[in-house]
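Report on the structure given below.
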2 protein chains.
Amino acid sequence: MDRRQIKTRDAIFQALIALLSEKSFHRITVGEIIDLANVGRATFYAHFETKDFLLKELCEELFAHVFEAETGSAAAHSHIFDCEAPDSVFLHLLQHLRKNDNHILELLSGQSNELFLLYFKENLKELVKGQLSGMKMEKPAALPEDFWVNHISSVFVETVRWWIDHNLDESPEEINEYFLQVI
Amino acid sequence: MDRRQIKTRDAIFQALIALLSEKSFHRITVGEIIDLANVGRATFYAHFETKDFLLKELCEELFAHVFEAETGSAAAHSHIFDCEAPDSVFLHLLQHLRKNDNHILELLSGQSNELFLLYFKENLKELVKGQLSGMKMEKPAALPEDFWVNHISSVFVETVRWWIDHNLDESPEEINEYFLQVI
DNA sequence: CTGATACCGAACAAGATGTTCGGTAATAAA
DNA sequence: TTTATTACCGAACATCTTGTTCGGTATCAG
């Protein structure tokens with residue numbers, strides 16, 4: 001692929017990330033993004049159909065990293081974690097978030113960044129759906145499967161939200177403990 | 001208060017509600033609202049500083065009804081429900097939602113109406129905080145109180161979201177059962 | 001080296017926001 | 001009923017944002 005494309009695409013992403021740590025998404029204008037990214041207006045729209053698509057693609061790129069690392073640690077590299085229960089996937093997720101790679105946490109916080117949490121939950125649901133069978137936490141018989149998947153994902157996301165709102169005072173281990181208690 | 005104010009304020013609310021059942025909030029324009037409400041542009045801004053504040057006030061008005069009826073049934077009119085556990089507050093909430101008064105459910109669904117769920121959760125948290133002591137569901141000792149409040153509220157909201165996404169196929173009793181099971 | 005193409009930058013129409021102002025009509029209070 | 005108040009109208013307005021267009025330039029892959 002043309003290096004120019006990669007360069008501008010990345011510049012736009014970085015600009016959006018920088019702006020997102022200042023203000024909420026719907027207050028950010030395309031003008032600000034292209035200014036910070038040093039990119040022509042036409043160029044922006046050549047890359048992204050609209051501002052919302054930009055956010056969506058950014059989320060996919062970011063979460064792909066996080067979740068790929070996670071499924072990797074539970075599948076391909078499972079020998080490393082042999083001794084651990086599949087539940088620890090969540091602990092690893094929390095630790096990974098805490099490391100704050102790519103400023104994901106900064107994005108997940110902020111005031112009206114509900115879209116992030118929505119995308120986050122979508123990805124998480126896929127992960128949960130895949131790992132459900134091997135998990136310690138058994139589904140109560142009376143519940144529909146997709147309800148159960150949705151529930152686990154929701155609780156995790158909301159737990160992370162609570163964690164963020166508390167400035168990450170607690171350790172990932174504590175949060176994981178909280179999470180497991182309420183499941 | 002001047003009857004004119006009440007009239008236009010209500011007209012604007014009704015217009016917004018009508019529009020919200022067609023499209024998501026951020027796609028609705030002030031122009032559409034004042035057209036449907038038959039209200040001058042200046043009048044709109046005399047009532048609401050901005051479109052977001054309009055939404056906020058609408059939510060407060062709507063949810064005030066729902067939750068007031070609920071706290072009423074558990075406090076003032078508690079003699080009616082004497083024989084019931086405080087947990088049934090949630091069942092009543094679900095039934096009340098199902099009746100679809102003021103089209104609340106239509107508003108809670110829709111695509112990007114995350115703000116509604118956010119406001120809904122805010123109000124719910126207050127309710128939960130107040131009723132926590134009398135509830136059957138005891139808090140595990142190791143958990144902070146506000147974490148527990150947040151958790152219960154989150155799960156309820158997400159349960160309602162799931163319910164809505166499933167077109168309310170299930171009865172309020174079933175949903176309440178699901179909810180109690182996962183708590 | 002050469003053709004393709006990604007970028008620039010400037011301009012553009014279309015549409016939304018929030019404000020202003022003079023005039024009209026409904027309201028509350030006397 | 002009369003009077004002073006004030007909510008509303010409607011139309012215009014500056015401003016900002018969006019998304020598109022186009023000719024020229026620089027960079028890329030082959």
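Any value given below was found using the heavy atoms of this structure, including those in side chains, with hydrogens, waters and symmetry copies removed. Predicted model, so just to flag it, every value in this text is computed and none were measured. Chain letters run A, B, ... following the sequence lines, proteins first, then strands; residues in each count from 1.
Ionic pairing of A:E57 and A:R9 is present here: one or more N-O contacts between side-chain nitrogen and carboxylate oxygen are shorter than 4.0 angstrom. Using a cut-off of 4.0 Å between Lys/Arg side-chain N and Asp/Glu carboxylate O, A:K56 and A:E122 are scored as not salt-bridged. Under a 4.0 Å N-O distance rule, the pair B:K129/B:E145 does not qualify as a salt bridge. Salt bridge status for A:K121 with B:E158: present, with a side-chain N to carboxylate O gap under 4.0 Å.
Taking for each of B:I28 and A:R9 the nucleotide of DNA chain C with the nearest heavy atom, the 5'-most of the two is the partner of A:R9.
Comparing the start and finish of the helix from C:dC1-D:dG30 to C:dA30-D:dT1, five pairs each, the helix axis swings through 50°, to the nearest 10 degrees.
Atoms NZ (B:K7) and P (C:dA25) sit 14 Å apart, rounded to a whole Å. Atom CD1 in A:I6 sits roughly 17 Å away from atom P in D:dT27 (whole-Å rounding). If you take CZ of A:R27 and P of C:dT17, they are 12 Å apart, rounded to a whole angstrom. In this structure, CD1 of A:I12 is placed 9 Å from P of C:dC8, rounded to the nearest angstrom. D:dT18 atom P lies 12 Å from atom NE2 of B:H26, rounded to whole Å. Atom NZ in B:K51 sits roughly 13 Å away from atom C1' in C:dG18 (whole-Å rounding). The CD atom of B:Q5 sits 12 Å away from the C1' atom of D:dT5 (whole-angstrom rounding). When the P atom of C:dA6 is taken as reference, atom CG of A:D10 falls 17 Å away, rounded to whole Å.
Under 4.0 angstrom from either OP1 or OP2 of D:dC8 there lies at least one side-chain N or O belonging to B:T8. The phosphate of C:dT17 (OP1 or OP2) has no side-chain N or O of B:T50 nearer than 4.0 angstrom. In this model, the phosphate group of C:dG15 is not approached by any side-chain N or O of B:T29 to a distance below 4.0 Å at OP1 or OP2.
Within the 4.5 Å cutoff, the side chain of A:W148 has heavy atoms near those of the B:V182 side chain.
The side-chain tip of A:K125 does not point at the ring of A:F156 from less than 6.0 angstrom away and within 45° of straight on.
Within residues 33-49 of chain B, the residues that place at least one heavy atom under 4.0 Å from DNA chain C are, in residue-number order, B:R41, B:A42, B:Y45.
Hydrophobic clustering (ILVMFWY, side-chain heavy atoms < 4.5 Å, transitive): B:L180 and A:F147 are in one cluster.
Judged by distance alone, with hydrogens and angles left aside, A:R4 brings a side-chain donor or acceptor within reach of the base of D:dT27, the pair sitting under 3.5 Å.
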